[in-house]
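Below: the structure, in structure tokens.
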Number of protein chains: 2
Amino acid sequence: MSVTLNDVARAAGVSASTVSRVLSDSPRISAETKERVRKAIKELNYFPNSVARSLARNSTKTVGLILNTESQTLTRNPFFIQAMVGISIYAQANGYDVMFSCNKNEDEDLNTAMRFVSSRRVDGIILFTSRTDDKCIYYLKRQEFPFSVIGRPDDTDSVMWVDNDNFQATYQVTVYLITKGHSKISFIGGPPGHNVSKDRFDGYKRAMSVYGFSISDSIVFSNGDFSEEFGYECMRTMLSSPDFNINKPTAIVTSDDMQALGVIKVLNEKNIPDIVVTGFNNTPVGMYHSRMIASVDVNAKDLGYYAAKLLIDSIKGEKTGSHYIVPTELVKKA
Amino acid sequence: MSVTLNDVARAAGVSASTVSRVLSDSPRISAETKERVRKAIKELNYFPNSVARSLARNSTKTVGLILNTESQTLTRNPFFIQAMVGISIYAQANGYDVMFSCNKNEDEDLNTAMRFVSSRRVDGIILFTSRTDDKCIYYLKRQEFPFSVIGRPDDTDSVMWVDNDNFQATYQVTVYLITKGHSKISFIGGPPGHNVSKDRFDGYKRAMSVYGFSISDSIVFSNGDFSEEFGYECMRTMLSSPDFNINKPTAIVTSDDMQALGVIKVLNEKNIPDIVVTGFNNTPVGMYHSRMIASVDVNAKDLGYYAAKLLIDSIKGEKTGSHYIVPTELVKKA
DNA sequence: AATTACTGTGCAAGCGTTTGTACATTTGAT
DNA sequence: ATCAAATGTACAAACGCTTGCACAGTAATT
């Protein structure tokens with residue numbers, strides 16, 4: 001059907017192995033032969049069959065991405081698609097393709113990982129997760145299969161990973177609010193069991209403590225998720241608290257722009273003017289609300305890019321490091 | 001290194017071909033033999049090597065996705081990732097994997113398509129585009145390579161595609177506004193050269209004409225893009241028009257929630273209260289603004305799902321149709 | 001009892017590459 | 001002139017699977 005190595009070999013009057021070596025630019029082939037073979041390749045419009053190549057080389061030149069649709073955040077938060085773009089860019093520049101799979105829960109994540117590994121469908125895997133006790137990480141480590149993680153894993157030593165410095169991000173946000181004169185600052189965190197949640201919480205607590213401000217439990221919500229619903233719910237809870245007037249915050253540090261929008265919705269509904277909010281991810285819409293005075297841009301594309309770089313470099317045998325910290329940027333409203 | 005068909009064959013005391021036939025559940029193998037072979041497969045924890053399988057079958061069981069990062073819409077509009085989820089779901093349910101590639105412009109799109117086709121890396125391609133005169137479509141048609149398109153192509157007959165009824169979507173939105181008492185209605189459209197833009201524009205024009213309202217050119221913007229910047233710009237242009245007071249709209253039909261946000265930004269800045277806006281894509285944030293009174297949900301996940309279905313079914317030889325129209329849903333603000 | 005028709009399994013040839021090794025041929029040194 | 005080394009190419013065996021065909025063995029038909 002389509003043109004193969006042998007067709008080229010015949011056309012150029014050499015053997016298949018010679019053509020193969022021309023393709024890999026082997027020094028053992030003379031300049032004239034290379035010339036002749038390349039001409040034949042052009043003329044016949046030959047492209048190597050990647051499947052046959054993968055079989056012979058025992059490498060698919062493909063990385064697999066395991067995504068999770070359990071929470072709505074995959075489709076609502078631009079974080080993921082941005083990271084995917086970053087991954088694709090590094091992969092493509094290095095001759096790799098990217099495969100993805102959307103899974104409904106952790107067990108399906110694991111199944112996909114096992115399928116990828118067992119059927120040798122990919123050379124490495126990128127995980128979009130940082131659960132504590134992540135089953136996929138555990139499995140991949142046991143299999144000694146190459147992988148990298150977006151999000152800091154439990155064991156930061158034996159795993160390649162990229163992440164923001166989430167501690168420093170909320171620390172910085174909180175300090176920013178403090179320098180703006182706020183002292184009653186509320187915090188809304190992310191899902192429990194994720195390191196990102198812990199770090200962001202810790203950064204907030206640290207800033208408050210460094211500046212000598214106390215934190216009242218009634219305005220801190222450390223176990224939720226990144227949804228706007230959770231933001232909404234937290235704000236309503238705060239309002240309905242009996243000691244709200246005593247503890248009323250003037251600013252709220254949230255862990256996601258969606259959360260922040262949920263908070264803002266309540267504030268608008270209840271006509272409460274004097275509370276400002278900060279978010280994460282610097283989504284285009286977040287900054288449209290005048291209450292949202294800052295958002296942390298996590299540079300998702302870079303996170304993806306470096307996750308791909310760690311993985312692919314390591315597959316290639318060019319160990320370039322075991323993790324990257326991608327700087328966040330505090331985007332303040334003009 | 002890892003366990004192969006031959007290992008299983010040896011363990012079960014049969015030949016490799018028998019094991020292969022057991023895997024495909026061939027009727028030519030007796031029940032007892034199947035039993036024995038399956039036991040060996042379990043015991044050895046054997047998984048078929050997908051690359052070898054692809055080579056022998058001449059099919060990769062993979063579909064390729066060509067994405068374009070030229071405009072920011074890929075990362076800003078949840079449309080794409082939602083469609084990708086839909087694709088992944090149908091693919092996975094049918095034993096296919098999905099590969100994606102992010103490209104910077106139309107030529108890169110084409111390069112990727114050519115690479116996918118020539119190297120036999122995928123069995124089919126899904127295009128996220130509906131440019132008029134699309135180079136990829138032209139190429140894939142000439143190659144007679146299986147593909148489907150999300151977005152209506154020029155030639156609706158010889159190409160498999162899925163799309164919303166964009167004409168009816170804006171028609172419905174416009175009629176909705178009319179029934180709410182609006183008659184001066186402005187329109188902001190999408191990028192030129194895309195069928196989606198034309199259809200949405202036509203739907204708007206039709207509704208206006210059916211209800212006997214005239215359209216003044218100064219409040220219609222049919223050549224732009226889906227960005228919030230463009231929405232912002234259009235609204236400013238309208239405001240600075242000398243005859244704004246005559247033509248001042250009371251409602252604006254936009255082609256994207258981002259555009260709508262751009263419009264709203266201007267309206268808020270200029271403190272213009274009496275103009276409402278409609279959008280597209282029903283993004284979570286869009287509906288937070290009280291001016292945004294409706295948005296068209298395009299059901300992106302279904303678009304992806306059916307694009308994958310068309311493609312994969314056709315690859316399998318089960319021709320199920322040549323296109324799908326996925327219904328939109330007009331989401332009105334409570 | 002001999003022929004025919006199944007049934008279940010194995011053999012071996014692919015699928016299109018890569019790569020270790022062998023084999024000519026040329027070159028340079030003796 | 002002879003031999004060793006260097007150079008350029010071809011051969012053939014992988015890689016792990018699928019599948020057409022052949023071939024036993026058994027069952028059914030005359």
Could you tell me how far apart B:D7 (CG) and D:dC17 (C1') are, to the nearest whole angstrom?
13 Å

When you measure from the side-chain N and O atoms of B:S15 to the phosphate of C:dG10, is any distance below 4.0 Å, counting only OP1 and OP2?
yes

Name the residue from A:L127, A:L310, A:V149 that meets the side-chain contact (heavy atoms from CB on, under 4.5 Å) definition with A:V159.
A:V149

Rounded distance in Å - CZ (A:R57) to P (C:dT17)
11 Å

How many Å lie between NZ on A:K61 and C1' on D:dC15, as a whole number?
17 Å

Figure out the CG/P separation between A:L5 and C:dT18, and round it to whole Å.
7 Å

Polar side chain donor-acceptor pair, B:K61 to B:N94, under 3.5 angstrom
no

Categorize B:V51 for me: base, sugar-phosphate, or nothing, with a 4.0 angstrom heavy-atom threshold over every strand shown.
nothing

With sequence neighbours excluded, what pairs up with B:D25 under the salt bridge (Lys or Arg N to Asp or Glu O under 4.0 Å) test?
B:K34, B:R38

Under-4.0 Å salt bridge between A:D97 and B:R115:
yes

Between the side chains of A:S26 and A:S24, does any donor sit under 3.5 Å from an acceptor?
no

Under a 4.0 Å threshold between the charged nitrogen and the carboxylate oxygen, would B:K39 count as salt-bridged to B:E43?
yes

Rounded to whole Å, how long is the line connecting atom CG of B:L55 with atom P of D:dT19?
12 Å

Near-strand residues of residues 16-41 of chain A, defined as heavy-atom separation under 4.0 angstrom from DNA chain D
A:S17, A:T18, A:R21, A:R28, A:I29, A:S30, A:T33

Without decimals, in angstroms, what is the distance between A:N6 CG and C:dG14 P?
12 Å

Below 4.0 Å: OP1/OP2 of C:dG16 and any side-chain N or O of A:R53:
no

